[in-house]
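Mind having a look at this structure? Questions to follow.
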There are 2 protein chains.
Amino acid sequence: MQKDPDIQLELGTPLSERMRRGDLFSEHCPSREVLKHVTSRWGVLILVALLGGMHRFSDLRRKVSGVSEKMLAQTLQCLEYDGFVLRQSYPVVPPHVEYSLTPLGMEVAKKVEDLADWIEGNFPKIMDAQEKFKEINEV
Amino acid sequence: MQKDPDIQLELGTPLSERMRRGDLFSEHCPSREVLKHVTSRWGVLILVALLGGMHRFSDLRRKVSGVSEKMLAQTLQCLEYDGFVLRQSYPVVPPHVEYSLTPLGMEVAKKVEDLADWIEGNFPKIMDAQEKFKEINEV
DNA sequence: ATTTAAGCTTACCTTTTTGTGTGTACTTAC
DNA sequence: GTAAGTACACACAAAAAGGTAAGCTTAAAT
């Protein structure tokens with residue numbers, strides 16, 4: 001009987017450790033927010049794109065095809081806030097802004113790229129599995 | 001001048017290669033769907049949870065705290081469809097269903113866990129960055 | 001003289017995602 | 001006799017994400 005049923009105590013790990021790293025399995029874990037930014041629809045693509053080096057806003061917009069200006073700006077702000085992206089603006093006309101990865105950002109971006117690459121590389125296998133599923137479940 | 005402006009031709013990579021792996025940067029790339037399933041709010045947590053071995057529906061519901069039954073069922077179906085999760089149901093009363101990772105699922109799950117672990121482990125650094133951002137931008 | 005471009009912001013609207021509550025069929029525990 | 005657990009499905013509602021179009025500033029290109 002707990003006051004807040006959301007707080008899960010995992011007895012295997014000491015409390016201090018859980019506070020320091022957060023525990024993604026427990027609700028309201030602050031790490032979930034960061035995870036959301038990183039794994040968001042456009043977050044993934046932007047991070048991977050920036051692994052290729054510095055990009056201007058419009059470069060990113062063209063590279064990550066399908067993203068709207070609004071979403072690009074918003075996602076970049078999240079990633080900047082988390083310390084993954086560095087934004088350098090030069091106050092000239094027309095505006096000139098450069099986006100790049102911070103050292104911290106490089107690390108996450110590599111993890112994200114790993115995942116993305118795996119999916120791209122194994123896409124044929126996945127499609128096979130999907131076909132089999134459809135056959136079996138007569139969809 | 002193209003009929004479908006969404007189709008981006010990246011001249012660095014041969015066409016056959018792009019068709020086989022898909023290109024996440026181009027809109028409507030089918031891999032984006034799979035990526036969405038895997039990086040979805042609950043997809044990440046479910047995959048990581050299943051790395052710990054077979055789970056029943058309710059076990060997962062308790063472990064991945066915050067997930068609703070509806071979302072759990074839906075996400076599991078997506079992951080099953082993609083060939084990442086194996087569902088074995090025993091027609092007894094009350095119902096008994098076991099979920100586990102396929103070999104393919106283990107591979108993605110590891111990539112996802114890598115990412116999740118990195119975020120959990122570096123969360124203090126991220127928080128520091130967030131604090132600095134707030135100071136500088138007087139939020 | 002008008003268009004184009006840069007990098008956004010804002011308001012408004014649509015689509016997608018997620019949550020809630022209910023029902024089901026049956027058994028075991030209280 | 002009633003409640004709880006099991007693994008969902010379904011209908012409805014709320015919330016979040018995303019798209020669209022306009023505006024801003026100033027200079028260069030047409």
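By convention in this document, chain letters (A, B, ...) are assigned in the order of the sequence lines, proteins followed by strands, and residues within each chain are numbered from 1.
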Checklist outcome for this item: B:Y90 OH to C:dT27 C1', in whole Å, measures 20 Å
Checklist entry - Out of D:dT26, C:dG19, C:dA6, which has the shortest distance to the side chain of A:V93? => result D:dT26
Next on the checklist: What's the closest nucleotide to the side chain of A:R56 if the choices are D:dT6, D:dA7, C:dA6?
Outcome noted: C:dA6
Checklist entry - Is the shortest side-chain N/O distance from A:S40 to OP1 or OP2 of D:dA17 below 4.0 Å? => result no
Checklist entry - Taking only side-chain nitrogens and oxygens of B:R41, does any of them come within less than 4.0 Å of OP1 or OP2 of C:dT16? => result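 Negative; the distance criterion is not met.
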Item to check | Under 3.5 Å donor-acceptor, B:R32 side chain and B:L24 backbone | outcome: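 Checking the backbone N and O of B:L24 against the side chain of B:R32, a donor-acceptor pair under 3.5 Å is found.
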Item to check | Nucleotide nearest B:Y99 when distance is taken to its side chain, options C:dA5, C:dT18, D:dC8 | outcome: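 Nearest listed nucleotide: D:dC8.
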Next on the checklist: Measuring from the side chain of A:A73 (C-beta onward, heavy atoms only), which nucleotide among C:dC8, C:dA5, D:dT6 has the closest atom?
Outcome noted: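 Shortest atom-to-atom distance from the side chain points to C:dC8.
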Item to check | Integer-rounded Å distance: D:dG18 C1' and A:W42 CH2 | outcome: 9 Å
Checklist entry - So, is A:S68 close to the D:dT20 phosphate, meaning a side-chain N or O under 4.0 Å from OP1 or OP2? => result no
Item to check | side-chain N/O A:Q77 vs C:dC8 OP1/OP2, d < 4.0 Å | outcome: no
Checklist entry - Do A:D59 side-chain atoms and A:R56 backbone N/O form a donor-acceptor pair below 3.5 Å? => result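 Yes, A:D59 side chain to A:R56 backbone: donor-acceptor pair under 3.5 Å.
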Item to check | Whole-Å gap separating P (D:dC8) and CZ (B:R61) | outcome: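 That distance rounds to 13 Å.
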Next on the checklist: Assess whether a salt bridge exists between B:E113 and B:K110, defined as any Lys/Arg side-chain N lying under 4.0 Å from an Asp/Glu carboxylate O.
Outcome noted: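 B:K110 and B:E113: not salt-bridged.
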Item to check | Rounded distance (Å) that lies between atom C1' of D:dA7 and atom NE2 of B:H96 | outcome: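 Result: 11 Å.
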Next on the checklist: Any donor-acceptor pair under 3.5 Å linking the side-chain atoms of B:Q130 with those of A:D82?
Outcome noted: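 A:D82 vs B:Q130: donor-acceptor pair found between side chains.
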Checklist entry - Can you tell me how far C1' of C:dC8 sits from CG of A:L60, to the nearest Å? => result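 In whole Å, C:dC8 C1' and A:L60 CG are 14 Å from each other.
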Next on the checklist: Taking 4.0 Å as the cut-off, does a side-chain nitrogen or oxygen of B:R62 come that near to OP1 or OP2 on D:dA7?
Outcome noted: no
Checklist entry - Where do A:F25 and B:V48 come nearest, in terms of heavy atoms and distance? => result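 Shortest heavy-atom contact: CZ-CG1, 3.8 Å.
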Item to check | Which nucleotides of DNA chain D pair, in dot-bracket form (Watson-Crick or G-U under 3.5 Å, | meaning another strand) | outcome: ||||||||||||||||||||||||||||||
Next on the checklist: Can you tell me which nucleotide in C:dC8, D:dG19, D:dA7 comes closest to the side chain of B:F57?
Outcome noted: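 Nearest to the side chain of B:F57 among the choices is D:dA7.
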Item to check | Spacing of A:E27 atom CD relative to C:dT18 atom P, expressed in whole Å | outcome: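 My rounded result for the distance is 14 Å.
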Next on the checklist: Is the ring pair B:Y90/B:H96 parallel, tilted or perpendicular, if the boundaries are 30 and 60 degrees?
Outcome noted: perpendicular
Item to check | B:K36 NZ - D:dA16 P separation (whole Å) | outcome: 19 Å
Checklist entry - Do you know the tightest heavy-atom contact between A:P30 and B:F123? => result CB-CZ, 3.4 Å
Item to check | Of A:M71 and A:P95, the one whose closest DNA chain D nucleotide lies more 5' | outcome: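 The residue mapped nearer the 5' terminus is A:M71.
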Item to check | Selection from C:dT9, D:dT6, C:dT20 that lies nearest to any side-chain heavy atom of A:E69 | outcome: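 Selected nucleotide: C:dT9.
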Checklist entry - Does the side chain of B:V67 come within less than 4.5 Å of B:L45's, by heavy atoms? => result no
Checklist entry - Does OP1 or OP2 of D:dC8 have a side-chain N or O of B:R87 closer than 4.0 Å? => result yes
Next on the checklist: I'd like to know if the side chain of B:S40 reaches the main chain of B:H37, judged simply by a donor and an acceptor atom lying under 3.5 Å from each other, with no hydrogens or angles considered.
Outcome noted: yes
Dump every N/O contact between nucleotides 11-15 of chain C and the protein below 3.5 Å, one line per pair.
none

Item to check | Between P of C:dA6 and NE2 of A:H55, the distance in whole Å | outcome: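 Interatomic distance, NE2 of A:H55 to P of C:dA6: 14 Å.
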Checklist entry - Side chains of A:V108 and A:V34: does their closest heavy-atom pair fall under 4.5 Å? => result no
Checklist entry - Would B:T102 and B:V85 satisfy side chain to side chain contact (heavy atoms under 4.5 Å, CB included), going step by step from the backbone distance to the final call? => result CA-CA 5 Å; B:T102 63; B:V85 161; 5.9 Å; no
